[in-house]
Amino acid sequence: FLPSLQVFPSQDPLDRADFNAVEYINTLFPTEQSLANIDEVVNKIRLKIRRLDDNIRTVVRGQTNVGQDGRQALEEAQKAIQQLFGKIKDIKDKAEKSEQMVKEITRDIKQLDHAKRHLTTSITTLNHLHMLAGGVDSLEAMTRRRQYGEVANLLQGVVNVLEHFNKYMGIPQIRQLSERVKVAQNELGQQILADFEEAFPSQGTKRPGGPSNVLRDACLVANVLDPRIKQEIIKKFIKQHLSEYLVLFQENQDVAWLDKIDRRYAWIKRQLVDYEEKYGRMFPQEWCMTERIAVEFCHVTRTELAKIMRTRAKEIEVKLLLFAIQRTTNFEGLLAKRFSGCTLADGTVKKPEVPPPSTNPFLEDETGTETDEIVIEKSDMDKPKKPKVPDNPFHGIVSKCFEPHLYVYIESQDKNLGELIDRFVADFKAQGPPKPNVDEGGAVLPSCADLFVYYKKCMVQCSQLSTGEPMIALTTIFQKYLREYAWKILSGNLPKTTSSSGGLTITSLLKEKEGSEVAKFTLEELCLICSILSTAEYCLATTQQLEEKLKEKVDASLVERINLTGEMDTFSIVISNSIQLLVQDLDAACDPALTAMSKMQWQNVEHVGDQSPYVTSVILHIKQNVPIIRDNLASTRKYFTQFCIKFA
């Protein structure tokens, strides 16, 4: 019943599932007065019953023919399905026929495509063959007439066309054309070399001819030919161009020696200017002929200089060697400004590597020559400077020949440094100790700055000459004279004390010192000790920076051989000895008062005073010495602190 309500919704109470007859009657007759209409209500219900009976009867009668109609509909549906199957089969057959027809059409189209492709290839190949045959004929004719301008473009085209026939070399005619092209290329190469030989003879006294359009076009042809032809042209031209140089600067000529090395570089400058004016347009720009001439000149010069220096090694002096090296490095710098170094790719000179960034305070501008005056101020030590980036690809291309003779320079520096140390010793004895300089916090000996200025000049010079073994030899010289400076100038000038006491101990406090009064240092001696201490500290810091700078300058494979730790330890010993002298002096000054304290007859003391005499004496000595030491060590506060700790 409930599904029927969902299908045919009704508001009639008689159609409800929970129909209650009593409630329904009470709804129709809520009061006794409403019973007066009972007949009318009964008649309506009876009318409704008759209508329902009529509807039921009609429905029942209509169902009597349903079975027969259903069977008839089923038969019709089966017939329709059979007809549908027949139509589907017809469609399938037609689809198969269509597919077969499409395959046949596609096969024909593919055949046409292949035919078109083969036909296009054939036409293209025939065109190429026609171009190749005609090009070879024209190439041979133009070669005989030396029409190099037309040959340059034609030859490149013929070579490009011939590449299309690489897979057809089995065909005799194609192979024959390929051989004709090779023969034509060989003839062109030999003919061009002969033309250049005629224009620029390598032997005889005939002057070379001027540039010509024929040779200019011949260079364009050489670009297309075997690279060996181009190299041969370049080699012969440069050799001819430098032939005069080899004659003028022969080993037995006066101008060949180092004192006239400027003339070599002046000669090549004139030759390069002359080349640019006469032959600059004859050779293609990408050949870089000007740079090639300069590079070959450098190689020849390096060889010739090395030969003559081996022969006259005993005549090489330091000034002469440095003069030649300076002029040579200046010339190499000039080459770097003028040329890019692109022709050095196959050379023996390698471009310098860029060093890593450095904060070394020892580093300064190093573009000056050996005559530049370089001043190292103590305040500059805290100013890091950027390293100079070497960007000269020609560095060493000539100057490398001087490296085997740098021992002359090293020996000279050894001698000069020895004389410098002796002069420092003599000046110190003549001038005496430095004056007290409280405002500056203690005077640093000027000789130490002079020493490191000279060190830096030597290092810069040597690094410009070589970054190999000569730098190691120079480092050894530096180590030698750093030690000599530490012992002769610093330790050798420390005031001597008659006391061998190593400091205050219980034994020294109780020791009897009658008749053995120890002499105190004077004000000048105290200032000298502080000055030597400050100088040793400056030398210690600068030596560390010098070591870092040397490691930057030397080749990477030699860095481990740069070690100035021993020299830094030497300066540390000087500092320690200076502090010990200051402590001993104050110790000795306080000893009499302490001895008096140890001899004090305490049992005889009847009254307590304000301060004992020995305390007053100790305070007096401390007030005399400590402010002087403090003021003179104002720039090295850590060592003044060490002095106080050791004395305490």
Side-chain angles (χ1 to χ4, degrees), residues 359-364 373-385 417 420-421 423-425 427-428 431-460 475 477-495 524-550 563-582 628-643:
T359 57
N360 182 8
F362 194 75
L363 187 62
E364 290 184 4
E373 293 187 4
I374 306 171
V375 179
I376 298 180
E377 298 292 343
K378 189 173 182 181
S379 60
D380 292 340
M381 289 297 175
D382 300 326
K383 299 178 182 178
K385 297 177 176 61
L417 283 169
L420 189 64
I421 294 295
R423 180 166 63 84
F424 289 161
V425 173
D427 290 347
F428 192 93
Q431 298 173 5
K435 301 299 180 183
N437 193 359
V438 177
D439 294 337
E440 294 293 334
V444 176
L445 298 180
S447 58
C448 70
D450 295 340
L451 178 66
F452 284 106
V453 165
Y454 194 84
Y455 271 15
K456 179 166 185 178
K457 184 173 71 173
C458 295
M459 180 180 62
V460 172
T475 301
I477 300 299
F478 286 174
Q479 292 174 297
K480 172 183 175 181
Y481 289 102
L482 283 173
R483 291 192 297 270
E484 287 200 12
Y485 185 85
W487 296 124
K488 290 184 178 181
I489 307 299
L490 301 182
S491 292
N493 288 303
L494 283 174
E524 288 75 12
E525 289 175 331
L526 288 177
C527 292
L528 173 61
I529 295 174
C530 293
S531 179
I532 290 176
L533 192 155
S534 299
T535 303
E537 185 211 11
Y538 174 79
C539 293
L540 175 62
T542 312
T543 301
Q544 182 178 2
Q545 297 162 4
L546 175 64
E547 180 186 50
E548 295 173 359
K549 186 57 187 170
L550 286 169
N563 187 356
L564 303 184
T565 304
E567 289 65 38
M568 288 186 275
D569 292 343
T570 300
F571 289 116
S572 297
I573 292 173
V574 174
I575 294 172
S576 178
N577 291 342
S578 300
I579 294 175
Q580 191 64 36
L581 281 177
L582 296 175
I628 296 174
I629 298 173
R630 179 196 62 207
D631 294 338
N632 279 274
L633 295 182
S635 60
T636 56
R637 300 298 295 176
K638 61 180 179 180
Y639 294 119
F640 174 70
T641 303
Q642 287 188 21
F643 158 76

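None of these values were measured; they are calculated from a predicted model.
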* Asked: Between the side chain of S531 and the main-chain N/O of C527, is any donor-acceptor distance below 3.5 Å?
  ->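 No.
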
* Look only at the side chain of T641 and the backbone of R637, and say whether a donor-acceptor pair between them is shorter than 3.5 Å. =>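 Yes; judged by distance alone, with no hydrogens or angles, the pair exists.
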
* Check side-chain hydrogen bond (donor to acceptor under 3.5 Å, both in side chains) between R483 and all other residues, then give those that pass, not counting sequence neighbours. =>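 Per chain and number, R483 pairs via side-chain hydrogen bond (donor to acceptor under 3.5 Å, both in side chains) with E567.
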
* In chain order, what residues pass the side-chain hydrogen bond (donor to acceptor under 3.5 Å, both in side chains) check against Y481, with sequence neighbours excluded? ->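 For Y481 the side-chain hydrogen bond (donor to acceptor under 3.5 Å, both in side chains) partners, ignoring immediate neighbours, are D414.
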
* To do: Looking only at non-hydrogen atoms, find the nearest pair between F571 and A486 and report the distance.
  =>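 Minimum heavy-atom contact is CE2-CB, 3.8 Å.
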
* To do: Looking only at non-hydrogen atoms, find the nearest pair between S534 and V444 and report the distance.
  =>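 Closest approach of S534 to V444, heavy atoms only: CB-CG2, 4.2 Å.
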
Rounded to the nearest 0.5 Å, what separates atom [atom1] in [X] from atom [atom2] in [Y]?
X	Y	atom1	atom2	answer
M568	L546	CE	CG	9.5 Å
L526	D631	CG	CG	12.0 Å
S635	L533	OG	CG	9.0 Å
R423	D450	CZ	CG	6.5 Å
I532	N577	CD1	CG	10.5 Å
T535	L540	OG1	CG	12.5 Å

* Asked: Once the angle between the rings of Y485 and F424 is folded into 0 to 90°, is it parallel (under 30°), tilted (30 to 60°) or perpendicular (over 60°)?
  ->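 Perpendicular.
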
* List the steps, then state whether side-chain contact (heavy atoms from CB on, under 4.5 Å) holds for V425 with N493. => CA-CA 9 Å; V425 173; N493 288 303; over 6 Å; no

* Determine, step by step, whether S447 and I489 satisfy the side-chain contact (heavy atoms from CB on, under 4.5 Å) criterion, reporting the C-alpha distance in whole Å, the side-chain angles of both residues, the deciding distance to 0.1 Å, and the verdict. => CA-CA 9 Å; S447 58; I489 307 299; 4.1 Å; yes

Test item: [X] and [Y] side chains (from C-beta on) under 4.5 Å apart, heavy atoms:
X	Y	answer
T543	F452	yes
F478	C458	yes
F428	L445	yes
N563	E547	yes
L633	T636	yes
F640	N632	no
L420	L451	yes
L582	S578	no

* Asked: Would L482 and T570 satisfy side-chain contact (heavy atoms from CB on, under 4.5 Å), going step by step from the backbone distance to the final call?
  -> CA-CA 9 Å; L482 283 173; T570 300; over 6 Å; no

